[in-house]
Amino acid sequence: MEKTINFIPLDYDSFDFQDKNYIKIVGRTEDGKKACIIDDFPAYFWVILQKGLKDKQIKKLQNKIETISIKKAKRTSKVIKTELHQKNFLGKSVPALKLFITNYKDAPKITELLDFKEIDHRREFDLNIITKYIIEKKFKPMNWYKIQGELLNNSEDFGNLDASLDVDICIKANEITRSESQPDFKPKILCYDIETDNVEIGSEPILMISLYGENNFRKVLTWKSKDTTLSYVETFEDEEDMLEAFVKYVKEYSPDILSGYFSDGFDLPYLKARADKNKFKLNLGIDNSQPVFSRGRILTGKIKGIIHLDIFRFIRSIYSQYLQSETLSLNDVSSELLNEKKAEWEHKHSSKIKPNEWENYFKYNLQDSILTYKLAEKLLPDIIEFTKIIQEPLFNVSRDAMSAQVENYIMHNLEKYNEIIEKRPHAHQIGARRAEERYEGAFVLQPIPGLYEDIVFFDFTSMYGSVIVTYNLSKSTYSHKRKPDSLKVELENQKAYFSKKQGFFPQMLNEIIKKRKQCKKEYALDKNPFTKAKSNSYKLLANAAYGYQGFFGARYYQLEAAAATAALAKEKIKETIEKIKSKGHEVVYSDTDSIAFLQNKKSNKEIQELLEEINSKLPGIMELDFEGFFKRGIWVTKRTGEFGAKKKYALIDKNNNLKIRGFETVRRDWCTLARETQNKILKTILEDGNEKKAVEHVKEVIKKLKERKIPLQKLIIKTQLKKPIEEYKAQGPHVIIAKRMQEEQKIKVPIGTLIKYYISESTKKRALIRERAKLPDEKGEYDIEYYLNNQLLPAVENILEVFKINTKELVDGKKQTNLMDF
DNA sequence: GACTGAACTATACC
DNA sequence: ACGGGTATAGTTCAGTC
């Protein structure tokens with residue numbers, strides 16, 4: 001039966017039927033029904049031919065290729081037909097054969113048989129099948145389409161596929177056209193969280209599972225305690241019954257997105273492992289399949305027909321640059337984004353929980369799902385807009401690293417350039433790229449330490465991106481030797497040349513930057529969160545494009561283009577600094593794309609005119625922007641030597657808002673006491689314009705510390721493990737503490753763990769710091785001398801030095817601090 | 001055992 | 001393995017006397 005529906009694709013999957021590839025897309029219809037679209041997949045890839053082949057030679061080659069057939073264990077795969085096309089590859093026009101094959105999965109195998117001398121390159125055999133499908137059919141995620149096709153209703157097509165799918169409607173597509181109207185789509189989200197006694201996946205039973213969804217849908221499922229009056233708690237006989245109810249509720253709710261926080265790495269694999277132990281099928285998929293885990297660098301959990309969204313993964317790979325949370329824990333991120341915290345619950349083994357305590361545990365468990373739901377709601381505009389722009393499924397976009405996002409964007413936008421997609425680098429190429437010498441990067445101006453007044457900040461908008469566009473720096477425009485009408489860029493040990501004819505990479509980047517500008521304008525007029533999200537997405541892409549060209553895993557890697565980008569950016573900012581100086585302004589500081597200088601009694605209007613004048617002479621799309629006026633700013637010396645420290649300064653604006661960069665205040669590996677004290681003195685100095693109050697405050701803190709009146713809590717030092725503990729060559733304090741945590745307390749300390757410790761007094765003379773490091777709850781007295789000399793004073797010394805104050809004089813009994821004082 | 005520079009390590013800036 | 005280079009600064013390590 002013929003059927004036409006309006007449909008929005010959400011989740012993509014591929015399957016084989018009679019040895020051919022098909023794509024299965026799950027999404028929603030306009031009236032909110034869950035639908036599945038089956039579409040065929042034209043499996044093909046390209047071989048790029050040598051130039052100047054005669055028609056006869058090509059025909060002969062085609063005939064040879066068309067006989068290729070390979071047998072794998074289960075299927076025979078062959079070349080169906082070939083077509084000759086004129087395509088572009090890396091900006092050059094090339095003759096190419098389009099090879100249609102029966103099964104795309106065998107494309108790499110078939111390319112191995114194509115070692116004919118007439119063939120220069122084989123391409124597009126190494127794409128993800130869904131990526132290739134979306135490019136080919138332009139059936140893009142999170143957009144509305146009109147689907148016209150055959151209704152599958154208990155039909156025998158595809159082996160009764162439709163009958164096994166838990167959807168309202170299933171259609172074999174004949175025609176897919178983009179709808180004119182694109183109404184807003186609000187996906188149905190369900191969030192979940194589990195609690196266990198042991199974090200080792202599957203090691204012990206799951207104690208409870210919470211669920212939270214729209215219209216205040218809330219559940220806590222448990223089998224541990226039946227003693228509760230909380231209406232949302234449901235109790236079961238055993239773990240298996242609880243798991244069964246979990247699956248039942250998910251299916252009834254029928255979410256588009258099932259979301260957890262770190263659920264890829266914990267909740268979902270744990271659920272699966274416990275289901276296995278109970279010999280129970282965790283059949284969450286719409287085809288009743290169980291979650292499937294792919295082992296990349298990190299575990300990834302996929303559920304068929306439902307988008308499994310791990311909010312933590314998205315935050316870590318994309319969103320963390322907008323956050324200032326010290327860790328990406330649910331608690332820290334929720335505090336920052338939602339101004340809400342996890343519920344109070346002191347973790348203890350379930351055997352030690354008293355009957356009247358369980359309710360608090362249930363509330364805690366539910367709160368985690370609620371926070372995850374709120375985070376999902378908050379971040380979804382960003383995730384959806386990014387998905388629409390990148391044109392990959394939300395499942396991938398929410399997990400991919402920035403390099404993959406840039407690459408996917410490129411691949412999905414190459415068609416209008418008639419370009420064949422470059423291949424992924426081989427392992428040996430990656431090795432060679434990684435071994436390449438590093439190139440010279442950005443310029444950082446050495447500041448002269450001091451307190452300054454009335455500071456102006458300018459910065460270049462998307463500087464590196466605008467340089468790439470302006471000078472046409474990319475793989476397809478690069479040449480190692482001079483060509484007519486090419487731009488020469490002097491690098492450290494070589495010269496690089498870039499053609500003036502615009503390449504697709506700079507052209508695409510130009511579009512991205514233009515769209516960003518447009519969105520920004522739009523948002524200024526109408527504060528729509530989706531416009532903001534779109535603007536953010538383009539900004540992210542524009543900023544990542546430079547790093548992409550220098551990234552060893554990139555299809556369009558060109559180190560010379562990256563090096564030239566940095567070199568030209570450096571040249572331009574230096575010229576701009578000179579220009580500002582020539583107008584009588586003292587330039588205080590500059591880092592990469594920003595310049596700070598003294599207003600020097602000039603009016604704001606004159607500053608604006610200066611900006612316009614500079615802009616009128618900048619090349620291409622390069623643009624300098626006004627960042628802000630600051631009433632005061634402080635730059636300090638390095639700890640060693642008397643020169644000004646780079647990447648370390650503090651500013652205050654007219655509304656007394658602080659902007660602190662690089663100082664210990666913003667570093668999480670310093671104890672709270674040092675950070676708070678430093679923050680306070682920076683604030684008073686910048687507010688008052690003098691150091692008087694700051695000195696008094698420091699004296700007070702020193703006194704308290706010496707009297708041991710500072711609580712230990714403020715002296716805990718946190719350091720993150722950046723690699724497995726056995727790989728450390730130097731046994732620093734945090735490494736020793738981590739080892740003890742693992743050996744004495746049986747606490748797992750994987751990469752990324754934030755190790756907490758304090759430095760205690762020692763009976764031994766000249767003991768190493770690591771020998772004095774103790775766990776926060778370990779008995780001992782903190783070492784006053786250490787905290788004075790290694791934490792507090794270093795944090796305030798360089799700041800007070802600007803006012804010629806010797807910190808040591810603030811310390812009573814200086815002989816303990818420095819023997820030279822005698 | 002004291003001292004010193006190099007190596008290792010973590011974190012921040014843009 | 002999953003953007004790039006620039007920079008500060010603490011602690012340990014290894015060599016010297």
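Every chain is numbered from 1, with letters handed out A, B, ... down the list of sequences. No experiment lies behind these values; they were computed from the predicted model shown. Computed from heavy atoms alone, side chains included, the values below leave out hydrogens, waters and symmetry copies.
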Quick one: side chains of residues 571-578 of chain A, donor-acceptor pairs under 3.5 Å with protein atoms, not counting sequence neighbours, listed by atom name and distance.
residue, atom, partner, partner atom, Å
A:Lys572, NZ, A:Glu575, OE1, 3.2
A:Thr576, OG1, A:Lys572, O, 2.7

key: A:Arg675 side chain to A:Arg667 backbone, donor-acceptor under 3.5 Å   =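 The answer is yes, because a donor-acceptor pair under 3.5 Å joins these two groups.
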- request: State whether A:Phe630 and A:Arg632 meet the cation-pi test: NZ (Lys) or CZ (Arg) under 6.0 Å from the six-membered ring centroid, and within 45° of the perpendicular axis.
  value: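 The answer is no, since A:Arg632 fails at least one limit relative to A:Phe630.
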- Query: Contact class for A:Tyr557 (heavy atom, under 4.0 Å): base, sugar-phosphate, or nothing?
  - Reply: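 Result for A:Tyr557 = nothing.
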Q.
By the 4.0 Å heavy-atom rule, please label A:Val735 as base, sugar-phosphate, or nothing.
A.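 Since no nucleic acid heavy atom lies under 4.0 Å of A:Val735, the category is nothing.
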- Query: Just wondering, do A:Trp635 and A:Tyr589 contact through their side chains at under 4.5 Å, heavy atoms?
  - Reply: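 The answer is yes, as the side chains (C-beta and beyond) meet within the 4.5 Å cut-off.
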Between [X] ([atom1]) and [N] ([atom2]), how many Å, whole number?
X	N	atom1	atom2	result
A:Ile660	B:dT11	CD1	C1'	16 Å
A:Asp459	B:dC13	CG	P	15 Å
A:His426	C:dA1	NE2	C1'	16 Å
A:Leu540	B:dC14	CG	P	17 Å
A:Ile725	B:dT9	CD1	C1'	16 Å
A:Phe663	B:dT11	CZ	C1'	15 Å
A:Trp670	C:dA9	CH2	C1'	7 Å
A:Gln324	B:dT11	CD	C1'	16 Å

Kindly assign one of parallel, tilted or perpendicular to the pair A:Tyr439 and A:Tyr546, based on the angle between their ring planes and the thresholds 30° and 60°.
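It falls in the perpendicular class, over 60°.
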Look at the side-chain N and O atoms of [X] and state whether any lies under 4.0 Å from the OP1 or OP2 oxygen of [N].
X	N	value
A:His734	B:dA10	yes
A:Tyr649	C:dT8	no
A:Arg668	B:dT11	yes
A:Lys648	C:dA9	yes
A:Arg639	C:dG10	yes

In 5'-to-3' order, the base (B), backbone-only (S) or no-contact (-) status of each nucleotide in nucleotides 2-7 of chain C, using a 4.0 angstrom heavy-atom cut-off, is BBSBBS
Under a 4.0 Å heavy-atom criterion, the protein footprint on nucleotides 11-17 of chain C, written with B, S and -, is SSS----
Within 6.0 Å of CZ in A:Phe643, more than 12 heavy atoms from elsewhere =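 Check fails, neighbour count at 12 or below.
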| Taking only residues two or more places apart in sequence, or in another chain, which ones meet A:His480 in a side-chain contact (heavy atoms from CB on, under 4.5 Å)? |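 By the side-chain contact (heavy atoms from CB on, under 4.5 Å) rule, A:His480 matches A:Tyr478.
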* Asked: Partners of A:Arg639 by salt bridge (charged side-chain N to carboxylate O under 4.0 Å, His left out), sequence neighbours excluded?
  ->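 A:Arg639 satisfies salt bridge (charged side-chain N to carboxylate O under 4.0 Å, His left out) with A:Glu664 once adjacent residues are dropped.
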Q. Which residues pass the salt bridge (charged side-chain N to carboxylate O under 4.0 Å, His left out) test with A:Lys718, sequence neighbours left out?
A.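 Salt bridge (charged side-chain N to carboxylate O under 4.0 Å, His left out) list for A:Lys718, sorted by chain: A:Glu326.
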**OP:** Report yes or no: do A:Gln720 and A:Thr753 form a side-chain donor-acceptor pair below 3.5 Å?
**Re:**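 Checked: A:Gln720/A:Thr753 side chains show no N/O donor-acceptor pair below 3.5 Å.
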Legend entry - Rounded P spacing from B:dA10 to C:dC2 in Å: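 Roughly 15 Å separates the two P atoms.
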